[in-house]
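Chain A is the first sequence line, chain B the second, and so forth, proteins listed ahead of strands; every chain is numbered from 1.
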Number of protein chains: 2
Amino acid sequence: MKKKAVINNTPACQVRMQAISDTMSILSGKWKFHILGTLIEGDKFGFMDLMREIDGIGNKMLSKELQDLELNHLVSRTVMNTKPITVEYAITEYGATLSPVINELAKWGIEYRQSVHGAK
Amino acid sequence: MKKKAVINNTPACQVRMQAISDTMSILSGKWKFHILGTLIEGDKFGFMDLMREIDGIGNKMLSKELQDLELNHLVSRTVMNTKPITVEYAITEYGATLSPVINELAKWGIEYRQSVHGAK
DNA sequence: GAAAGTACTATCCATTAGGAAACTATCCTT
DNA sequence: AAGGATAGTTTCCTAATGGATAGTACTTTC
């Protein structure tokens, strides 16, 4: 019997799978979506603001994740020369292109909750 | 100075963040999106088909992830009583509701590739 | 001058994720 | 009887994730 051929090895599928890998590697970790979601909702946030907004995150994680996001140009970091030095984090124009992704994720999660609580 | 109030603690934001957590906890791990993406593209797949389709995955991981997905009713598993026993994995109707999420993820990843290769 | 707020960094530690390899078990073909 | 296909499970090991705690450094307020 001939070995069954691979089905989805068309260029389109390869590209699609690669794209999903890319996105997920950039957005990996427990907190990236929370941070981006928060930043998209608001305007500018200080480090401590984000600590308060994102329930449960520790300062090490927040710091590390923000650096990751900054490296990928999804988040901007601006040091203000205020009295006690403050830093302003904001979503970049590029980071804002993730809105549809995050919205779909949130939408699905909400429907998931309903399907679990409701008819099941 | 009064402590700055938390900004995004409106019910809508809470629900949104909770929803993102829910979705990501169900879709956690390195392979879930790949498996779902593959299953959505095709019709029915045997275990070995999936091994061949999903480049790099090991049998332990595939087995574990499929069990997870089955538990959450995203994937169906049907044992066929064929000569050498075969199993058919397919996306469920419910699992198919993840298409928009996966499509947005893939779309963003493709644009990301272009922005890195192109103007930057 | 002590406390408290700003923004972190560094260290330690435990859990988890995930890869490699070997193994079980059944069936068909040669 | 051997080889290869089906579909996994089990064991072992390492690397990454991420939480808790403490410390740095500067400034303002009490």
Can you check the B/Met61 CE to D/dT10 P distance for me, whole Å? 14 Å

Within this structure, what is the CG-to-C1' distance between B/Leu66 and C/dG18, rounded to whole angstrom? 15 Å

Check the distance between D/dA7's C1' and B/Lys64's NZ and give it to me in whole angstrom. 18 Å

Considering only side-chain heavy atoms of B/Arg77, which listed nucleotide, D/dA7, D/dG8, C/dA7, is closest? D/dG8

side-chain N/O B/Arg52 vs D/dA5 OP1/OP2, d < 4.0 Å: no

Does a nitrogen or oxygen in the side chain of B/Ser63 sit under 4.0 Å from OP1 or OP2 of D/dT9? yes

Pairs touching residues 74-93 of chain A that satisfy ring pair (Phe, Tyr, Trp, His ring centres under 6.0 Å), sequence neighbours left out: none

Taking 4.0 Å as the cut-off, does a side-chain nitrogen or oxygen of B/Gln67 come that near to OP1 or OP2 on D/dG8? no

I need the full list of salt bridge (charged side-chain N to carboxylate O under 4.0 Å, His left out) pairs touching residues 94-105 of chain A, with sequence neighbours left out, sorted by first then second residue. A/Glu104-A/Lys107

Pairing residues for A/Thr82 by the side-chain hydrogen bond (donor to acceptor under 3.5 Å, both in side chains) criterion, not counting sequence neighbours: A/Thr86

Short side-chain to backbone donor-acceptor contact, B/Ser63 and B/Asn59, under 3.5 Å: no

Starting at atom OH of B/Tyr89, determine the distance to atom C1' of D/dG8, rounded to an integer number of angstrom. 8 Å

Between A/Asn81 (CG) and C/dA7 (C1'), how many Å, whole number? 15 Å

Whole angstroms only, please: what is the CG-P distance between A/Leu50 and C/dA7? 9 Å

Using 4.0 Å as the upper bound for N to carboxylate O, is an ion pair formed by A/Arg16 and B/Glu41? yes

How long is the line joining NZ of B/Lys30 and P of D/dT17, in whole Å? 11 Å

What does B/Gly29 touch in the nucleic acid at a heavy-atom separation under 4.0 angstrom: a base, only the sugar-phosphate, or nothing? sugar-phosphate

Let me have a per-nucleotide readout for nucleotides 21-28 of chain D, 5' to 3', with B, S or -, counting only protein heavy atoms under 4.0 Å. BB----SS

Rounded to whole Å, CE of B/Met24 lies from P of C/dA17 at a distance of 14 Å

What pairs with A/Trp108 under side-chain hydrogen bond (donor to acceptor under 3.5 Å, both in side chains), at least two apart in sequence or on another chain? B/Thr97

Name all residues meeting the salt bridge (Lys or Arg N to Asp or Glu O under 4.0 Å) criterion together with B/Arg77; count only those two or more places apart in sequence or in a different chain, and write none if there are none. none

